[in-house]
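Every chain is numbered from 1 and lettered A, B, ... according to where its sequence line falls, protein lines coming before strand lines.
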Amino acid sequence: MKYTAGKSQRGDIEIIYEPTQKKNIEIELETSVERLYGEQIRAVITNTAKSFGINSGKFSAVDDGALPYVLRARVEAVIRAAKEAAK
Amino acid sequence: MKFQRLRRSRLYMPGNNPYLSQNAFLFGADCIILDLEDSVPPSEKFDTRILVREILKNVDFGGTEKTVRINQMSSPFGRDDLEESVPALPDAIFIPKTESADDVLIVDEIVAEIKSKHDIDKEIFYMPIIESAKGVWNAYEIASASPNVVMLTFGAEDFTRDIGAQRTREGKEQFVAKSMVVLGAKAAGIQASDTVWSDIDDIEGLRNSTLEAKELGFDGKGAIHPSQVEIINEIFNPTHDEIEYAKKVVSAFEEAQKKGNAVVALGRKMLDPPVVARAQRIIELAEKIGKNP
């Protein structure tokens, strides 16, 4: 099952989260600011996931200049949706 | 009348568009509404309320009043909208399709619960949107439902549908309703804000509709596009002549008070208390917009 939040629109990021059986968080990121902010974006995704107790799964993200709080909101949305579905 | 902040324009921003919201304060509106209702499709309600919470917490709105329009409490989304947004401390909540005092009291009760749970002591105001015949009929009861109701807002689109009328450019079908919303609000000592002008390209229509709103007694008007804000603000600003006359009235009033006169006069004209109160309000407005050096 995949969970999506956000859109490919200016200032936003589209995130697809897929829970997996692996023991790590995998991130596939597409962004025009990879060289400058790629690592930071990955860190925000990983840290937000961990703050919700998620240590595994695949995140596919298409970024169009999302600020950190937008990233956090979008990651939180997919994780909460996944948790809700798992109940 | 309670202390009232300047609310000439309120600008709707779709809650699901982070780019628009992060620059919203630049548009000059007195009030920004992060919308969770009509501009957000049901499939995006969940994601959007999380995003709106983060916008409230992270975006600097300057002196602009930051507010949220929630979904109706009778929908599956209203309560969750409050649970998510109230802890992020909006200045006010727009309550859509309000038809009775109970519609306000339900929100008030849930907001009180959330505030208590999160130890919040900030006052959060309510701005009910009246957009049905029943709501118009109950305008005063809605306006006085809670001390935290600070403004009534009129919504023409749903209202015209509700009464089975066609929405026209002239707006005759809304005339009585608008007046009743103004009367309900003013009788309760709060502000009233007019419906939005939905045709972004019709500047003349916006101007006429805003002038009419001011004549009817509204304190402001809604905007659905940043380009509408300047026109609305300009019309609701007091004019130079209004400010000059208001200064004379207030100075005559102060003079009369100093002399212990019960009657206030300007030249040979006697000034009733409402005239003085209106003049004081104009000066207060002028000070807020920097037109009274």
Side-chain angles (χ1 to χ4, degrees), chain A residues 1-19 29-33 36-37 40-41 43-54 57 59-87, chain B residues 11-27 32 34-36 38-62 64 66 68-71 76-77 79-90 114 118 225-226:
Chain A
M1 186 71 185
K2 292 179 179 178
Y3 302 90
T4 308
K7 290 184 221 171
S8 291
Q9 62 181 356
R10 200 170 174 191
D12 204 350
I13 184 165
E14 184 183 52
I15 292 201
I16 301 168
Y17 168 59
E18 194 180 352
L29 173 66
E30 203 180 295
T31 176
S32 59
V33 291
L36 285 171
Y37 299 112
Q40 271 174 272
I41 295 172
V44 172
I45 294 174
T46 306
N47 293 339
T48 308
K50 287 187 172 169
S51 73
F52 282 89
I54 298 292
F59 290 89
S60 307
V62 182
D63 168 61
D64 193 0
L67 293 173
Y69 70 86
V70 179
L71 280 172
R72 285 197 300 271
R74 296 317 196 183
V75 175
E76 179 181 334
V78 288
I79 289 171
R80 280 174 55 183
K83 287 189 163 190
E84 202 56 40
K87 272 183 192 171
Chain B
L11 175 62
Y12 286 90
M13 291 274 144
N16 56 0
N17 188 322
Y19 183 73
L20 280 180
S21 303
Q22 76 199 31
N23 297 305
F25 74 100
L26 295 172
F27 302 129
I32 294 290
L34 300 168
D35 187 28
L36 294 170
D38 287 351
S39 64
V40 181
S43 60
E44 289 179 35
K45 298 283 189 195
F46 178 77
D47 308 351
T48 303
R49 71 172 72 93
I50 294 171
L51 179 64
V52 161
R53 184 201 69 207
E54 289 301 309
I55 292 171
L56 286 168
K57 281 161 75 172
N58 291 283
V59 175
D60 181 3
F61 286 82
T64 309
K66 53 179 182 177
V68 176
R69 177 167 72 169
I70 59 167
N71 288 278
F77 312 115
R79 189 180 176 110
D80 290 342
D81 291 346
L82 289 173
E83 294 278 1
E84 209 70 57
S85 56
V86 168
L89 310 179
I114 298 168
H118 293 268
H225 191 272

query: How about Phe46(B): does its CZ atom have over 12 heavy atoms from other parts shown lying under 6.0 Å from it?
result: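 For Phe46(B), atom CZ is crowded (more than 12 foreign heavy atoms under 6.0 Å).
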Side chain, backbone, both or neither: which part of [X] has a heavy atom under 4.5 Å from chain A?
{"X": "Glu44(B)", "value": "side chain"}
{"X": "Arg49(B)", "value": "neither"}
{"X": "Ile55(B)", "value": "both"}
{"X": "Val59(B)", "value": "side chain"}

- request: Quick one: pull up CG in Leu26(B) and CD1 in Ile32(B) and give me the separation to the nearest 0.5 Å.
  value: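 So the CG of Leu26(B) and the CD1 of Ile32(B) are separated by 9.5 Å.
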field: Interatomic spacing from CG in Leu56(B) to CZ in Phe61(B) - rounded to 0.5 Å
entry: 6.0 Å
- request: Measure from the side-chain N and O atoms of Thr48(B) to the backbone N and O of Lys45(B), and report whether any donor-acceptor pair falls under 3.5 Å.
  value: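 No, because the side chain of Thr48(B) does not come within donor-acceptor range (under 3.5 Å) of the backbone of Lys45(B).
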task: Heavy-atom distances under 4.5 Å only: say whether Ala81(A) touches chain B with side chain, backbone, both or neither.
output: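 Looking at Ala81(A), backbone and side chain both touch chain B.
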task: Counting only heavy atoms closer than 4.5 Å, note whether Arg80(A) contacts chain B via side chain, backbone, both or neither.
output: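 Looking at Arg80(A), backbone and side chain both touch chain B.
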Note: Arg79(B)-Glu83(B) ion pair, threshold 4.0 Å (strictly below):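 Glu83(B) and Arg79(B): salt-bridged.
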